[in-house]
Amino acid sequence: MVKKTTVLLREDVYQALKEKAGAKKISSLINEILIEYFAKKESMFGTMKRVDVADLRDHRERL
């Protein structure tokens with residue numbers, strides 16, 4: 001689901017995003033940056049980082 005919001009950026013930040021992603025893909029780049037930032041946060045107990053289903057091994061490989 002996509003939500004529309006307004007984000008106020010400094011001019012230099014906007015220009016850097018525009019140069020890196022292009023004017024029409026700034027939202028995608030901001031989403032990627034935010035996802036990466038939040039994915040790096042520690043787990044609830046601080047012992048394991050979050051994993052994606054793609055990172056999990058098949059149970060048959062453990063035999």
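Nothing here was measured: the structure is a model prediction, and the numbers come from that model. Counting from 1, the numbers follow the sequence of the chain as shown.
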In residues 12-21, what donor-acceptor pairs under 3.5 Å come from side-chain atoms, sequence neighbours left out?
| from | atom 1 | to | atom 2 | distance (Å) |
| --- | --- | --- | --- | --- |
| D12 | OD1 | R10 | NE | 3.0 |
| D12 | OD2 | R10 | NH2 | 2.9 |
| Q15 | NE2 | E11 | OE2 | 2.9 |

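- Listed by chain and residue number, T5, L9 satisfy the side-chain contact (heavy atoms from CB on, under 4.5 Å) test with V7 (two or more places apart in sequence, or in another chain).
- Put simply, CG on N31 and CD1 on I33 are 9.5 Å apart, with the number rounded to the nearest 0.5 Å.
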